[in-house]
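Remember, it's 1-based here, ligands and their atoms both numbered in the order they're listed.
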Amino acid sequence: MWICRNCGKENPDTAKTCTACGEKSVLPPKGAQPKRRAANAPAEGTPFVARALEAAAWGILALGLMGIFVGLFAAIPWKGAVLLVLAVTAGSWALLAKGVAQAVRDAHAIRARLEREE
Ligand SMILES: [Zn+2]
């Protein structure tokens with residue numbers, strides 16, 4: 001089955017020309033599409049540093065949340081302030097780690113694209 005590029009009618013594979021308008025059967029050249037897709041796809045393989053930093057960011061966030069959760073039920077002086085500092089610290093470290101991870105990934109993607117174009 002192929003679809004006429006001229007009128008859009010579906011034609012059987014055996015037909016050399018469109019049964020409706022006579023347009024020649026034109027199949028997209030093999031290999032053209034996958035190549036274009038590969039160029040648009042993100043660089044294959046995320047650098048280990050980026051993945052490690054991302055994991056660290058989630059770890060920090062989880063630890064921070066756990067600390068806040070535990071702190072809610074623990075008797076600590078200045079509880080509000082301690083929990084706030086904990087949240088802000090964990091949040092900013094996690095954001096920092098995520099930001100660096102993103103920067104590493106971007107740099108990697110740009111380098112991979114440049115290498116492919118050369
Ligand atoms: Zn046609």
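- Atom CG of L53 is separated from atom CZ of R105 by 10.0 Å, given to the nearest 0.5 angstrom.
- Within the protein, the N, O or S atoms sitting under 2.8 Å from the Zn ion (ligand 1) are C4 SG, C7 SG, C18 SG, C21 SG.
- Here the CG atom belonging to D106 is positioned 12.0 Å from the CZ atom belonging to R111, to the nearest 0.5 angstrom.
- Hydrophobic clustering of Ile, Leu, Val, Met, Phe, Trp and Tyr side chains at less than 4.5 Å, counting indirect connections, unites L96 with I60.
- W93 and L95 are members of different hydrophobic clusters when ILVMFWY side chains are connected at heavy-atom separations under 4.5 Å.
- Expressed to the nearest 0.5 Å, how far CE of M1 lies from CG of N11 amounts to 9.0 Å.
- Under the 4.5 Å side-chain heavy-atom criterion for Ile, Leu, Val, Met, Phe, Trp and Tyr, F73 and L83 are members of the same hydrophobic cluster.
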